[in-house]
Amino acid sequence: MVQGDSSAIRWIGGLARYPVLLRWVGAILAGALLFGSFPPRPWWFLAPAGIALLTLIVRSGTGLRSGFGYGFLAGLGFFLPLLPWTGIYVGPLPWLALSIACAVYVGLFGVLGRLLGRLPGWPLWLALAWSAAEWGRSSFPFGGFPWGRLAFGQADGWFLPLAAYGGAPLVSFAVALSGTCGAAVVLGLLRAIGFPGTTATAVESRTAGTDTDGGLGAESGRNGAGRVATAAAAASCVLLAAAGLGLHATLPGPMDGDRTITVAAVQGSVPRLGLDFNAQRRAVLDNHVRRTEQLADEVAAGLFPAPDVVVWPENSSDIDPLRNPDAAALISAAARRVSAPILVGAVLVNGDGTTTNSVMVWTAESGPGERHDKKIVQPFGEYLPMRGFFRLFSDYADRAGYFVPGHGDGTIRAAGTEIGVATCYEVAFDRAFRDSLRSGAQLLTVPTNNATFGDSEMTYQQLAMSRVRAVEHGRSLVVAATSGVSAIIAADGSVRQESALFVPEALVAEVPLRDSHTPATVLGPWPELVAVLLTAAGVVLSIAGRVGRGRAGTAAAPVRG
């Protein structure tokens, strides 16, 4: 070892005299790396690095409480910068509360990391633990909040093709496993150079007592076994990357399909951003009618091919066209001008005073037809659970809507095509498109309204989700947004066309239709459920092992007279 290397080790070892502070900083940095992997930044490769650093931090702790604490800090480092758009117009309280709630699940990963980190093959167990924590956050409470799953930062990454084989859960698992395997490689290298505190002897002395496997070098194998484990972890990282890159060739090409259809996504834009974007509801509707009529003129001039179907965004008609003849006449006129059915995003008022967020097929000849009523409505936005309780904390509570969920299969038929619909918030959930795919959806669409979140990163984060869903189900996907970003996405996740923000725009493209199903569509929720069940089994094994070691230690203790 050269003198410079020895000095560097001594200097780093000196920092180790402040282990708690270093772990705090390291945990927050791990969360920041996860945030950095999300759009609009293309730095998807930061996610495995963040998981690797968090794994090192969690495994260097001394108990379950430390595991939760370091995980929680990493969660704050991740979600606080990821979710500020949730509080742009309502103040910081919702943003902080949601970020803290999400960070709790990363803390849960820290606890699972402490429990499962003592099992043989611990990188695999920890990756399963991350998947289990994401499942929990995506399910509880109030239906869960999947935003920020590792998969949704990988739309430009090597692991995206895995979505076709196990959905977003498999992508998240692969990212997590590459990170935990990377952590194992780092541990092996540190041990090889004699980094302070990473030798087997140091670990054994530090972990003797009620907790085990607590140090940086918490693999208890000797040098030979440690080298084998390090080599296996390094090989796993390489194989994961190779699998993602290799499977890209199995994805359908942008025009591979059984037949084609020409679709248009109309982005009419809004008079103003924020919660009051629709204060001029007629102006929002007029904008979309005007841009559709302009598209009809562009088609007549030969600038675009004639669309078979036109997709408007969520909330493009907040005036209920089933109750307002003027709104109905405007939409019918637009459909007549463009000579195609329009998928209209409308807010419908029910007889009991509740509202329904709907996407309906509208033709010039017969007006409203089949519709999709949004099934996964957004808590604290479209409706407020425990309204009386939360009203005590914010005046904005009364601004939450009274939307009720629909009960359809998520599929509507237009222009002879079965179209699967996931409205805005729904696209974050794995189950959003499952019913529509089972019902024969050949094309997917995500009508969305991002005007309530200003010019934040939210729209880019949501666009990445749509790209993952396109690959997951092997379908072309159309995103129509009120204020942007609208896009036409191919089944391999590539963005064929994309609009700018805050401008009226129309995207037109010929897209393929498919009837075949990807393995991910066929498997449905099972990959994630298997990860959860395996994690639970690992926890049982870990606890049983701890109890067994405790009894063995008690039996071996000398009797003092």
Side-chain angles (χ1 to χ4, degrees), residues 138 143 146 163-169 252 256-263 265 308-314 340-346 348 356-363 366 368-377 403-448 465-480 488-491 493 511-529:
S138 302
Y165 295 88
D256 292 343
D258 304 310
R259 63 185 180 92
T260 63
I261 186 175
T262 301
V263 297
D308 297 304
V309 63
V310 176
V311 183
W312 282 8
E314 176 191 32
I342 299 175
L343 272 57
V344 179
L348 307 181
T356 302
N357 192 340
S358 299
V359 174
M360 67 180 72
V361 180
W362 198 288
T363 63
S366 57
E370 293 188 20
R371 77 189 208 200
H372 163 71
D373 295 337
K374 189 174 184 181
K375 295 192 294 183
I376 308 174
V377 293
F403 285 85
V404 292
H407 304 285
D409 61 10
T411 304
I412 55 179
R413 186 172 181 83
T417 302
E418 300 293 334
I419 303 174
V421 183
T423 304
C424 194
Y425 182 66
E426 289 184 306
V427 73
F429 292 82
D430 292 339
R431 64 184 185 273
F433 281 124
R434 283 176 185 156
D435 288 343
S436 60
L437 266 296
R438 294 191 191 101
S439 299
Q442 302 162 299
L443 173 71
L444 304 179
T445 184
V446 179
T448 183
M465 297 178 192
S466 297
R467 295 176 64 186
V468 172
R469 298 304 180 202
V471 175
E472 181 177 10
H473 298 296
R475 296 289 189 272
S476 298
L477 190 149
V478 179
V479 178
I488 295 176
I489 301 169
V511 299
L513 304 177
R514 296 183 183 84
D515 294 309
S516 59
H517 292 310
T518 64
T521 302
V522 174
L523 290 171
W526 282 107
E528 189 168 40
L529 293 178

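Since this is a predicted model, take the numbers as computed values, not measurements.
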Given Thr445, which of Leu343, Leu477, Val359 fulfils the side-chain contact (heavy atoms from CB on, under 4.5 Å) condition?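 So, applying the side-chain contact (heavy atoms from CB on, under 4.5 Å) to Thr445 and each of Leu343, Leu477, Val359, only Leu343 qualifies.
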Beyond-backbone contact of [X] with [Y], side-chain heavy atoms, under 4.5 angstrom:
X      : Y      : result
Leu443 : Ser476 : yes
Leu437 : Leu444 : yes
Asn357 : Val377 : no
Pro447 : Val421 : yes

Do you know which two heavy atoms are closest between [X] and [Y], and how far apart they sit?
X      : Y      : result
Ala441 : Thr411 : CB-OG1, 4.5 Å
Ala422 : Phe433 : CB-CZ, 3.4 Å
Ala163 : Ala520 : O-CB, 3.2 Å
Ala415 : Pro341 : N-CG, 4.2 Å
Gly166 : Pro169 : O-CD, 3.6 Å
Val310 : Ala340 : CG2-CB, 4.3 Å

For Ala491, give me all partners under side chain to side chain contact (heavy atoms under 4.5 Å, CB included), at least two apart in sequence or on another chain.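 If we apply the side chain to side chain contact (heavy atoms under 4.5 Å, CB included) test to Ala491, skipping adjacent residues, the hits are Pro252, Arg514.
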Without swapping roles, check the side chain of [X] against the backbone of [Y] for a donor-acceptor pair under 3.5 Å.
X      : Y      : value
Arg467 : Gly493 : yes
Asp308 : Thr262 : yes
Arg469 : Val427 : yes

Working for side chain to side chain contact (heavy atoms under 4.5 Å, CB included), residues Asp435 and Lys375: CA-CA 11 Å; Asp435 288 343; Lys375 295 192 294 183; 3.1 Å; yes
Applying ring pair (Phe, Tyr, Trp, His ring centres under 6.0 Å), name anything that partners Phe403, two or more places apart in sequence or on another chain.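 Ring pair (Phe, Tyr, Trp, His ring centres under 6.0 Å) list for Phe403, sorted by chain: empty.
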Look up atom [atom1] in [X] and atom [atom2] in [Y], then write down how far apart they are to the nearest 0.5 Å.
X      : Y      : atom1 : atom2 : result
His517 : Leu523 : NE2   : CG    : 12.5 Å
Arg371 : Trp362 : CZ    : CH2   : 11.0 Å
Met465 : Tyr425 : CE    : OH    : 9.5 Å
Ser436 : Arg475 : OG    : CZ    : 9.0 Å

Show your working on side chain to side chain contact (heavy atoms under 4.5 Å, CB included) between Thr417 and Leu513 and close with a plain yes or no. CA-CA 8 Å; Thr417 302; Leu513 304 177; 3.7 Å; yes
Can you check side chain to side chain contact (heavy atoms under 4.5 Å, CB included) on Gln442 and Asp258, steps first, answer last? CA-CA 10 Å; Gln442 302 162 299; Asp258 304 310; over 6 Å; no
Between Glu426 and Glu314, does a side chain to side chain contact (heavy atoms under 4.5 Å, CB included) hold up when you go through it step by step? CA-CA 12 Å; Glu426 289 184 306; Glu314 176 191 32; over 6 Å; no
Is it the case that Thr521 and Thr518 place a side-chain donor and acceptor less than 3.5 Å from each other?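 The criterion, which ignores hydrogens and geometry beyond distance, is satisfied for Thr518 and Thr521.
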